[in-house]
Participant: 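Once you've had a glance at the structure underneath, I'll fire off some questions.
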Amino acid sequence: MVGTKRALAVALAAGAVTVSGLSGTAAAQPAAAAVTCVGTAFSGTLGVNQALCNSGYTLTMQDNGDLVLRRKDQSACYASGTRAPGDASAVFVMRHVGAPYIDINSTSQGNIGRIMGAHTGAHLGTDASLNGNGEFWVGYKKVGYC
């Protein structure tokens with residue numbers, strides 16, 4: 001479904017928000033600052049301009065507070081819809097009871113969003129990851145894809 005706009009639901013602290021029609025929005029514009037790839041998964045904190053990278057796909061914590069998944073051509077295909085003035089980070093939280101999640105936190109604004117993940121019946125989700133097919137997972141739940 002190349003070229004098709006996708007609407008993805010993102011669980012935020014204030015409730016469920018739909019992110020759609022990324023073309024022409026701030027999220028769809030390439031990040032201006034240099035991005036540092038930290039691997040294909042994280043289980044701690046993803047800071048400003050740090051990214052998960054795999055097979056040309058990147059999941060970047062942008063300096064505008066938005067967590068954005070991009071295709072190889074740099075077009076955006078998922079965005080968290082969060083905004084903060086250059087001081088946000090994505091923090092993976094693993095829980096034994098309840099689903100794992102990523103909190104988007106801002107030093108100046110506090111918690112500005114939450115992306116919920118999942119465990120399986122037999123396994124705990126221990127990180128957030130980006131696979132070679134452009135799929136963004138939190139634990140065992142696919143939350144975004146290209």
Participant: Among pairs that include at least one residue of residues 124-137, which meet salt bridge (charged side-chain N to carboxylate O under 4.0 Å, His left out), considering only residues two or more places apart or in two chains?
Facilitator: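 The answer is Glu135-Lys142.
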
Participant: Given 3.5 Å as the limit, does a donor-acceptor pair link the side chain of Thr60 with the main chain of Ala51, or not?
Facilitator: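 Checking the backbone N and O of Ala51 against the side chain of Thr60, no donor-acceptor pair under 3.5 Å is found.
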
Participant: If you define the side chain from C-beta out and look only at heavy atoms, does anything of Thr45 sit under 4.5 Å from Val91?
Facilitator: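 Side chain of Thr45 against side chain of Val91, heavy atoms only: contact under 4.5 Å found.
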
Participant: Verify, without hydrogens or angle tests, whether Asn49 (side chain) and Val35 (backbone) share a donor-acceptor contact under 3.5 angstrom.
Facilitator: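 The answer is no, because no donor-acceptor pair under 3.5 Å joins these two groups.
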
Participant: Which residue pairs satisfy the salt bridge (charged side-chain N to carboxylate O under 4.0 Å, His left out) criterion with at least one member in residues 95-110, sequence neighbours excluded?
Facilitator: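 Those involving residues 95-110 are Asp103-Arg114.
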
Participant: Donor-acceptor pair, Asn64 side chain versus Asp66 backbone, under 3.5 Å?
Facilitator: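 Side chain of Asn64 to backbone of Asp66: a pair is present.
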
Participant: Quick one: does Ile102's side chain get under 4.5 Å of Val143's, heavy atoms only?
Facilitator: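 Not touching, per the 4.5 Å side-chain cut-off.
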
Participant: Looking at every non-hydrogen atom in both residues, tell me the closest pair between Gly132 and Asn54 and how far apart they are.
Facilitator: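 Shortest heavy-atom separation between Gly132 and Asn54 comes out as N-ND2, 3.3 Å.
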
Participant: So which pairs with a foot in residues 83-118 pass disulfide (SG to SG under 2.5 Å), sequence neighbours left out?
Facilitator: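 The answer is none; no pair qualifies.
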
Participant: My understanding is that only residues two or more places apart in sequence, or in another chain, count here; which of them pass ring-ring contact (aromatic ring centres under 6.0 Å, His included) with Phe136?
Facilitator: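 If we apply the ring-ring contact (aromatic ring centres under 6.0 Å, His included) test to Phe136, skipping adjacent residues, the hits are Tyr78.
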
Participant: Less than 4.5 Å apart, side chain to side chain, heavy atoms only: is that true for Asn105 and Asn111?
Facilitator: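 Side-chain contact under 4.5 Å: yes.
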
Participant: Can you pull the ring-ring contact (aromatic ring centres under 6.0 Å, His included) pairs that have at least one residue in residues 85-134, sequence neighbours excluded?
Facilitator: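 Not a single pair qualifies under ring-ring contact (aromatic ring centres under 6.0 Å, His included).
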
Participant: The criterion is side-chain hydrogen bond (donor to acceptor under 3.5 Å, both in side chains); which residues satisfy it with Ser108, sequence neighbours excluded?
Facilitator: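 Testing Ser108 for side-chain hydrogen bond (donor to acceptor under 3.5 Å, both in side chains), a comparison that skips the adjacent residues, returns Asp87, Ser106.
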
